[in-house]
Amino acid sequence: MPAITSETQHGSDARNKTIILAAVCLAGLMMPLSFTGPAVAMPAIARDLHGSPVALAWVVNAFVLAFGSCVMAAGALADQLGRKRIFRAGVIGFTLLSLVTALAPSLLLLDLLRGAQGVAAALATAGGAASLAQEFEGPARTRAFSLLGTTFGVGLAFGPIWSGFLIEALGWRAIFFTGTLIGMLVLVFGLPRMHETRDPHARGIDWWGTLSFTAALSLLIFGITLAPQAGWSSAPVLALLLSAAVLLIAFVWIELHQERPMLDLSLFLYPRFVGVQLLPLATAVCFVVLLIVLPIGFIGVEGYSEIQAGLMMIPLSAPMAIVPFVAGMLARHVSSGLLSALGLMIAALGLLWLAAMPVGQQSMAVIWPMLLIGIGTGLPWGLMDDLSISVVPKERAGMATGIFSTMRLAGEAIALAAVGATLMALMQSGLQRQGAIAGTTITAIANDMAAGNFSHAATLAPHADRALLTTIYADAFHATLYVLAGLTLLAALISFAMLRPRTAVHKPALPCEAVEP
């Protein structure tokens with residue numbers, strides 16, 4: 001029997017690591033597809049299962065809320081119980097739930113299953129990313145997380161296109177069957193090659209911290225989601241936001257009194273840690289919100305079909321297949337903070353350029369600012385996953401993954417809700433300036449316009465033709481883009497200041513801060 005040489009063993013380890021990386025990336029691909037796909041399928045789901053607009057909205061909201069609320073707790077579980085074990089539980093749960101969701105006979109059951117899917121997605125994401133941190137070191141880890149970021153970005157960006165083709169060819173249920181097939185591939189080929197690791201110092205789950213944080217985030221997002229319909233000053237919205245604030249204060253108090261908290265709040269005293277958490281918020285503002293807003297505009301305002309609208313999104317999404325991986329290679333020679341800030345500045349310029357484009361004229365000129373936004377966003381997108389791990393000790397990778405993923409998902413949900421509320425407020429203001437439109441119908445008209453249903457909006461406003469409604473929408477859309485550009489530019493400046501390379505100045509160092517990749 002031939003002896004196993006060191007070269008043979010090294011080659012086998014390299015193959016295993018490659019397969020593990022592929023498995024985690026495939027699992028990462030399932031999550032954004034589950035976020036964007038149902039949003040595109042909403043009209044088809046409404047025709048099949050019926051239901052109110054609020055109930056339909058929870059097809060997306062239930063997944064985002066469950067995912068964003070549970071991912072930090074999932075990271076803590078991964079540190080204690082084992083990263084592979086939590087990853088396996090998440091992928092199995094997501095695979096089975098995708099199959100059951102595809103067969104859901106009612107809208108209520110679909111909403112409940114989507115919430116359960118979000119919990120499973122949180123387990124898979126936290127366990128998978130924490131496992132990568134144990135499998136790879138140094139530049140190899142940077143490349144691995146860059147590829148994971150690329151995969152997540154591709155799924156998030158191309159999800160609407162893929163979903164549009166599936167819905168047209170096979171129906172909306174095919175979107176969830178896709179998750180089942182991907183999950184089976186991960187379980188068969190990737191999971192057997194993963195190694196089990198855990199934090200040897202983990203001492204249990206911070207249940208009070210987990211519950212208070214989950215409740216606070218859920219109430220906050222629910223309050224922002226409800227505000228455009230009920231009004232920011234309405235009693236239900238104020239009650240939800242106030243309750244979220246109280247629970248957040250309770251969460252901080254709980255974490256400060258835990259011997260080993262789920263979230264080490266002392267980390268927020270250090271600029272690099274705060275800077276890393278800012279990046280997913282910035283990319284949500286300059287990129288993720290456009291994935292939802294632009295297709296609605298392309299279909300409802302510009303008059304494109306669903307497939308055409310998906311194709312029009314390619315300039316925005318295509319850079320996510322290349323730029324994040326390139327960013328990982330550039331990070332060997334250029335500061336990650338500088339690359340991230342440069343990317344956000346490019347994205348801000350793209351937003352300003354897009355704000356100068358005409359609306360309602362099917363102008364192909366929009367592809368250039370969209371391409372610029374995609375390129376700019378791709379730079380921090382390919383770096384922030386690895387940065388989220390590099391600022392904490394390796395053994396607490398699960399916690400870092402949970403915090404970062406929470407910021408990403410919560411930031412995306414809050415950004416989407418806030419942009420929707422901003423568009424609604426600006427359109428309502430524009431409609432109020434038209435004296436012929438009755439005040440009681442302004443909210444209903446703005447709802448239709450925000451959803452891209454201009455035909456029905458015109459029936460509610462007989463004295464305002466489609467051209468006027470398009471002008472009102474264009475003004476609101478452009479003003480919103482200016483706000484997003486300003487926020488993105490501000491994030492670029494802050495991230496550069498907080499993530500700049502450290503100098504040889506004698507100052508207290510963060511014990512958990514690793515050398516920048």
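Counting from 1, the numbers follow the sequence of the chain as shown.
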Q.
One pair to check against side-chain contact (heavy atoms from CB on, under 4.5 Å): V59 and D111. What are the steps and the verdict?
A. CA-CA 5 Å; V59 175; D111 288 342; 3.2 Å; yes
Q.
I175 vs I167, test: side-chain contact (heavy atoms from CB on, under 4.5 Å). Steps then yes/no.
A. CA-CA 8 Å; I175 297 174; I167 293 168; 4.0 Å; yes
**Q.** Derivation and outcome, side-chain contact (heavy atoms from CB on, under 4.5 Å), residues V483 and T422
**A.** CA-CA 10 Å; V483 173; T422 301; 5.5 Å; no
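Here the straight-line distance linking atom CE of M312 with atom CD1 of I367 works out to 7.0 Å at 0.5 Å rounding. Atom CG of residue L278 and atom CE of residue M498 lie 7.0 Å apart, to the nearest 0.5 angstrom. The distance from atom CG of L342 to atom OG of S335, rounded to the nearest 0.5 Å, is 11.0 Å. Residue W162 holds its CH2 atom at 9.0 Å from CG of L33, rounded to the nearest 0.5 Å. How far CD1 of I375 is from CG of L371: 4.0 Å, rounded to the nearest 0.5 Å. Note that the OG1 atom of T377 and the CG atom of L344 stand 7.5 Å from one another [nearest 0.5 Å].
The shortest side-chain heavy-atom distance between L220 and L241 falls under the 4.5 Å cut-off. The closest side-chain heavy-atom distance from L316 to I373 is below 4.5 Å. Q117 places a side-chain heavy atom less than 4.5 Å from the side chain of F176. Annotation: side chain of F67 is not in contact with side chain of R114 (no heavy-atom distance under 4.5 Å). The shortest distance between side-chain heavy atoms of L49 and W172 falls below 4.5 Å. L431 has its side chain within reach of L469: a pair of non-hydrogen atoms, C-beta onward, lies under 4.5 Å apart.
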List the atom pairs, with distances to 0.1 Å, where a side-chain N or O of residues 280-295 and a protein N or O form a donor-acceptor pair under 3.5 Å, not counting sequence neighbours.
from	atom 1	to	atom 2	distance (Å)
T283	OG1	L279	O	3.3
T283	OG1	P280	O	3.1

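The two residues G297 and Y473 come nearest to each other via the heavy atoms CA-OH, 3.9 Å. Taking each heavy atom of T488 and A347 in turn, the nearest pair found is CG2-CB, 4.3 Å. Closest approach of F94 to G179, counting heavy atoms only: CE2-CA, 4.4 Å. Across every non-hydrogen atom of A216 and L247, the tightest pair is CB-CB, 3.7 Å. Of all non-hydrogen atoms in G374 and M320, the two that sit nearest each other are O-CE, 4.4 Å. Taking every heavy atom of both residues into account, C25 and T151 meet most closely at O-CG2, 2.9 Å.
Side-chain atoms of H478 come within 3.5 Å of backbone N or O of M357 as a donor-acceptor pair. A distance-only check finds a donor-acceptor pair linking the side chain of T480 to the backbone of A476 [under 3.5 Å].
For M345, the CE atom sits in a loose shell: 12 or fewer heavy atoms of surrounding residues, nucleotides or ligands are nearer than 6.0 Å.
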